[in-house]
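Here's the structure, in structure tokens; my notes come after.
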Amino acid sequence: MIAALETAMSQVPYSMAYDAREALLKDGLNALTAQHYAACEPYRRIIDGYWKGATNAQSVDAVPYLPVSLFKTQKLMSVAPEAVRVTLTSSGTTGQAVSRIFMDAEASSIQQRALASSLMHVLGKKRLPMLVIDTDAVFKDPRYMSARGAGVLGIMRYGRNHAFALTPNLQPDFDAVRAFLDDVNGEPFFMFGFTYLVWINFYEQFRDAGLDLSNGILIHSGGWKKMIERAVDNIQFRSALGQAFKLKKIHNFYGMVEQIGSILLEGPDGLLYPPNFSDVIIRDPVTWEVAPNGTPGVVQTVSLLPHSYPGHSLLTEDLGVIETVDAGINGWMGKGVRIIGRVPKAELRGCSDVIAAAA
Amino acid sequence: MNDKIDTVFLEALGLDNLDDKSILKYNEIEAWDSVAHMTLIAGLEDAFDCMLDMDDIIDMSSYDMAVKIMAKYA
């Protein structure tokens with residue numbers, strides 16, 4: 001594990017202020033660029049061809065970045081193929097190629113540890129009883145085997161005594177939920193689900209069931225596409241769940257398989273915060289220059305986690321805006337980000353083509 | 001203590017024997033995938049009547065590590 005990551009992980013999660021984080025990330029990202037440049041030939045060709053070599057970046061925003069879509073077309077790894085222990089694939093939008101992410105034993109342990117530190121920040125150190133807002137068929141039934149199943153399984157290890165709120169047909173399982181709530185008997189518990197399932201298959205089905213979820217902590221994630229179709233935003237989501245279930249502790253998170261383990265977690269002000277070992281840069285979609293805070297643009301994410309593949313600096317296909325820096329509410333520091341939606345397809349072409357040509 | 005751990009490993013990973021414990025590593029043998037990992041954790045918690053921390057679960061990447069971790073709870 002690189003030294004900068006150890007330093008970042010040794011501090012309270014989400015507590016590092018912008019200046020200190022910038023300095024630490026600059027060193028760590030430069031170290032990762034050098035490491036991947038030496039170990040990953042396709043990455044080296046991109047850096048030489050498009051970025052004029054692996055020079056030491058003088059600031060975080062000067063660190064070379066790759067478009068996230070590159071992981072769909074290229075096999076990018078910085079470890080020997082026989083050292084790969086886990087290959088992750090993205091869910092992918094219908095009809096699209098999926099990303100492939102390669103991890104050796106060390107990289108896999110680093111990402112689990114990092115994810116655990118983020119989750120523990122809101123869940124506490126003890127594993128809580130867990131209500132999964134999904135069906136257990138999502139990982140038990142091979143026909144379902146999907147990124148969703150892998151996601152559920154990946155999070156489930158952070159809870160215990162799991163119950164599942166939905167049947168294999170994604171219908172509400174009232175008996176399972178009531179039995180779970182009887183068992184926890186007023187103690188805190190953990191709920192996890194993909195945002196659209198939480199809304200459509202849980203909230204809309206259970207809202208009149210008189211459930212008291214006031215001791216629950218809900219962590220949810222996933223695309224907002226189906227939510228936008230229903231005209232539900234984060235504020236309505238929170239207030240509806242609060243009214244129906246007395247559920248107040250709700251944390252959305254934003255993450256992607258290409259930077260697995262780094263999650264932007266919803267803080268007390270409803271904004272998404274990158275953990276200490278990562279950050280968000282917003283770029284103007286025309287000039288690719290850094291956009292000023294408060295101005296929407298394309299989201300770039302940097303993270304010190306990717307050790308086995310060159311994913312430490314990625315241009316995503318999402319639009320976002322930095323709303324605050326070092327707001328410090330309940331100790332949450334760094335950038336407070338709002339994700340606005342997907343970039344319309346055509347806009348990323350320029351960048352992708354340049355990189356593809358260079359490769 | 002090792003007997004209890006062995007019983008849980010045999011059941012959770014669905015193995016016939018534990019002749020070579022050095023190969024028992026998470027994600028290195030087919031039997032020990034993420035589903036089996038949770039079965040294993042639940043089994044160890046039952047057998048030792050304890051509750052493992054998140055750190056324990058991440059650290060438990062081999063049979064040897066499991067013995068080391070469970071010693072805290074034995």
Side-chain angles (χ1 to χ4, degrees), chain A residues 1 9 13 82-88 102-130 132 136-142 144-145 149-164 187 190 260-261 308, chain B residues 1 4-15 18-74:
Chain A
M1 196 195 291
M9 298 261 301
E82 56 272 19
V84 172
R85 290 287 168 272
V86 187
T87 303
L88 299 161
F102 305 97
M103 296 204 292
D104 63 358
E106 190 205 12
S108 168
S109 147
I110 288 174
Q111 75 85 9
Q112 286 182 53
R113 212 168 288 283
L115 180 59
S117 77
S118 289
L119 296 178
M120 279 193 274
H121 191 57
V122 293
L123 293 174
K125 213 173 158 49
K126 290 254 171 282
R127 285 154 57 236
L128 299 175
M130 180 170 179
V132 181
D136 58 356
V138 78
F139 60 87
K140 279 187 177 156
D141 184 337
Y144 262 100
M145 255 338 236
V152 167
L153 263 179
I155 303 281
M156 271 175 64
R157 70 182 47 188
Y158 304 111
R160 62 183 171 84
N161 301 355
H162 309 90
F164 297 83
E187 295 295 312
F190 170 27
I260 185 146
S308 60
Chain B
M1 181 185 95
K4 275 205 266 185
I5 295 178
D6 288 3
T7 311
V8 175
F9 264 83
L10 282 169
E11 271 180 33
L13 307 190
L15 303 172
L18 295 176
D19 294 345
D20 184 1
K21 286 169 179 162
S22 68
I23 62 160
L24 297 178
K25 290 187 176 160
Y26 176 52
N27 270 336
E28 299 217 2
I29 56 166
E30 209 176 319
W32 193 348
D33 60 10
S34 38
V35 179
H37 195 60
M38 277 186 304
T39 315
L40 183 71
I41 299 296
L44 289 170
E45 288 184 331
D46 276 349
F48 287 82
D49 192 22
C50 67
M51 226 190 285
L52 298 174
D53 282 341
M54 286 211 199
D55 290 336
D56 296 329
I57 288 170
I58 295 163
D59 290 338
M60 203 174 291
S61 54
S62 66
Y63 177 87
D64 291 343
M65 281 304 292
V67 172
K68 218 161 150 184
I69 290 165
M70 296 319 294
K72 291 193 291 184
Y73 300 95

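Computation of the quantities below employed the complete heavy-atom set of this structure, encompassing side-chain atoms and omitting hydrogens, waters and symmetry-equivalent molecules. Labels below follow one simple rule: chain letters A, B, ... track the order of the sequence lines, proteins then strands, and each chain is numbered from 1.
- A/Ser109 and B/Ile58 make their closest contact through O-CG2, 4.3 Å (heavy atoms, listed as atom of the first residue, atom of the second, distance).
- For the atom pair B/Met51 CE and A/Leu128 CG, the distance stands at 9.0 Å (nearest 0.5 Å).
- When side chains are defined from C-beta on, A/Leu153 counts as touching B/Met38, because their heavy atoms get closer than 4.5 Å.
- Within a 6.0 Å radius of NZ in B/Lys25, no more than 12 heavy atoms belonging to other residues, nucleotides or ligands are found.
- Salt bridge A/Arg127/B/Asp53: absent, no basic N to carboxylate O contact under 4.0 Å.
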When you look at B/Asp55 and A/Lys125, which way does the side chain to side chain contact (heavy atoms under 4.5 Å, CB included) test go after all the steps? CA-CA 9 Å; B/Asp55 290 336; A/Lys125 213 173 158 49; 2.6 Å; yes

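- Around atom NZ of B/Lys72, more than 12 heavy atoms belonging to other residues, nucleotides or ligands sit under 6.0 Å away.
- Within the model, atoms CZ of A/Arg85 and OG of B/Ser61 stand 11.5 Å from one another, a figure rounded to the nearest 0.5 Å.
- Counting all heavy atoms, side chain and backbone alike, B/Met54 lies closest to A/Gly124 at CE-O, 4.1 Å.
- Around atom CG of B/Asp20, more than 12 heavy atoms belonging to other residues, nucleotides or ligands sit under 6.0 Å away.
- The minimum heavy-atom distance between B/Ser34 and A/Arg157, with the atom names listed, is CB-NH2, 3.4 Å.
- A/Arg113 and B/Asp59 are joined by a salt bridge, as a carboxylate oxygen and a charged side-chain nitrogen come within less than 4.0 angstrom of each other.
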